[in-house]
Amino acid sequence: MSAKIQSVKGTRDFYPDVLAPIRQIFDAWRRVSIRHGFQEWDGPTLELLDLYREKSGDELVGQLYRLTDSGGRELALRPEMTPTLARMVAAKINALPKPIKWFCVATLFRGENVQRGRLREFFQWNVDVIGSADMTADAEVILVGVEALRELGLTQADFQVHISNRRLVQAILSAAGIPVESHGGAYALMDKAGKLPREETARRWSEAYGSAISYEKLDALMSVATLPELRAAVGAIAPATADLESAASDTERLLAILQDFGIIEYCKINLRVVRGLAYYTGPVFEFYDRSENERAICGGGRYDDLLGKLGRAGEPAVGFGMGDVVLSLILEEKGLLKPARKGGDVMVVDAAESVRPTLHTVVAALRRGGVAADFSYAHQAIGKQLKMADKIGVSRVVILGDETTSAGRVRIKDMAGGAEREVALETLLADPRSTLGL
RNA sequence: GUGAGUGUAGCUCAAUUGGUUAGAGCACCAGGUUGUGGUCCUGGGGGUUGCGGGUUCGAUCCCCGUCAUUCACCCCA
């Protein structure tokens, strides 16, 4: 065993039965994206290291897979798509009609510790709208995410979208008298609140920010789940500033559009959603399984300043990323992943060695006619060929008997019921799919 | 990076306080079945018990190291 080369930690070997359910997820992602008017794009897996350095600083670079090419250039395997997106969009910003609605399904790499729901190589679906500051864009990307999960069989009982707003939270903290430079620490503590005992969070909060706003008041604010509650809580805590009013009305509008889209029941306000990313500027959201036993299925938000920082032209943007790992875990738990289908539609079998040439011809013709057809490479007892047909899971078997075949006729067997009928070979080849009843 | 758990066949697991040739189910292959699959019956292949060292007459079992893996912490683009 020790002599064998192992797979790299945090990567997966996609055997057919492992890949099949993931394909199912990819297909849903693509279908739903296209249905909502998004175009697929992709970029290189390798990027210059600087692309990520500029965006997020050196601390993040530590989690990158880095390499140096033969020309001495420092490269990185992409850990996310947004910088690539920003780079590509910036390069053609004047040629692209706005809003730009793009999606991709990409392999990403992050050199972090492997645990449940986190791997080092994984797939992520990204959906972004660039060039619109309107809350309709935010609502639309949320809609796309919700519809994809519905497409995969999840319901309102299974998951929920937690929506917050960076600007709103920031305005609240500012209005309460906490200086902007302390907001980072405040976010971190709010984010941690779910993991620490309440008293501990309260104690830490009081020490750091208690003079500005008591933990009880903050907690009450962070606990609001509906718009009226939000309005009331905001009014109770701080004087209305222009920022506060603007962020609150954005949130109001976002929720109104989500209601129009018919997905408001999937959504709730949760101001505790902070998102680790520094670049979010407005609404942020995360999709969670209702049990909340797993990590977020999906996370995203508005990042109006990022493109301007990376390229010359600033454009408002909003988007999300949804990974395959947590989603697979959840779909698996709920039994929503279909098992791999081994074979095709039909297997062609011969009852005698003498019809082998015909069998080859028939198989090729069926395949050309759009039927997934398989066959045994050598003549075997018909029982064995049927056993193989059963094993690969085809629904029909075409049987070539020596007498019937020379008479220009074949049998079609329905594997589920076992019934057989005889048809002219000519008819089968003229219209394979309907003759087979597929 | 930190802490804990787990490593026996492709998979899920056994193996008497340390004792003969490490077993079973599933899966796989073949036969029963030379013109008809599923069920059933029979047989077969597949293991240096993760790896290395130690204790012992003897180690899957005890000890040390190492690697892998899982979970949690940290972090999370």
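We use all heavy atoms of the structure for the numbers below, so side chains are in, but hydrogens, waters and symmetry mates are not.
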[N]: pairing nucleotide in any strand, Watson-Crick or G-U under 3.5 angstrom:
| N | result |
| --- | --- |
| A24(B) | U12(B) |
| U6(B) | A68(B) |
| C73(B) | G1(B) |
| G35(B) | none |
| U55(B) | none |

Heavy atoms of other groups near E207(A) CD, more than 12 under 6.0 Å
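Correct, the count exceeds 12.
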Under 6.0 Å from the CZ atom of R368(A), do we count more than 12 heavy atoms belonging to anything else shown?
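No - once you tally the heavy atoms of other residues, nucleotides and ligands closer than 6.0 Å, there are 12 at most.
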Roughly how many Å apart are [M] and [N], using the [atom1] atom of each and rounding to a whole number?
| N | M | atom1 | value |
| --- | --- | --- | --- |
| U55(B) | C64(B) | C1' | 11 Å |
| G38(B) | U33(B) | P | 13 Å |
| A14(B) | A24(B) | C1' | 7 Å |
| A27(B) | U39(B) | P | 8 Å |
| A15(B) | G47(B) | P | 23 Å |
| U8(B) | C62(B) | P | 15 Å |
| G18(B) | A9(B) | C1' | 24 Å |

Option among F14(A), F123(A), F103(A), W125(A) that satisfies the ring pair (Phe, Tyr, Trp, His ring centres under 6.0 Å) test with F26(A)
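Of the listed options, the one satisfying the test is F123(A).
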To the nearest angstrom, how far is R110(A) atom CZ from C76(B) atom C1'?
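Spelled out: CZ on R110(A) to C1' on C76(B) is 7 Å.
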What is the distance, to the nearest angstrom, from the CG atom on D13(A) to the C1' atom on C11(B)?
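Rounded to whole Å, this separation is 15 Å.
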Of the listed nucleotides ([options]), which one gets closest to any side-chain atom of [X]?
| X | options | answer |
| --- | --- | --- |
| M415(A) | C71(B), G37(B), G35(B) | G37(B) |
| K384(A) | C75(B), G31(B), U34(B) | G31(B) |
| K391(A) | G35(B), C28(B), G37(B) | C28(B) |
| K9(A) | C73(B), U69(B), G35(B) | U69(B) |
| L386(A) | G35(B), U36(B), C76(B) | U36(B) |

Taking atom types as modelled, is there a side-chain donor on [X] or [Y] under 3.5 Å from an acceptor on the other?
| X | Y | value |
| --- | --- | --- |
| D134(A) | S132(A) | no |
| E422(A) | T404(A) | no |
| R78(A) | T107(A) | no |

Are OP1 or OP2 of A72(B) and a side-chain N or O of Q115(A) less than 4.0 angstrom apart?
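Checking Q115(A) against A72(B): at least one side-chain N or O falls below 4.0 Å of OP1 or OP2.
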Answer yes or no: does a side-chain N or O of K387(A) lie under 4.0 Å from OP1 or OP2 of A30(B)?
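Indeed not, no polar side-chain atom of K387(A) lies that close.
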Check if the side chain of [X] and the base of [N] share a donor-acceptor pair of N or O atoms closer than 3.5 Å.
| X | N | value |
| --- | --- | --- |
| E420(A) | U36(B) | yes |
| R118(A) | C71(B) | no |
| K413(A) | U36(B) | yes |

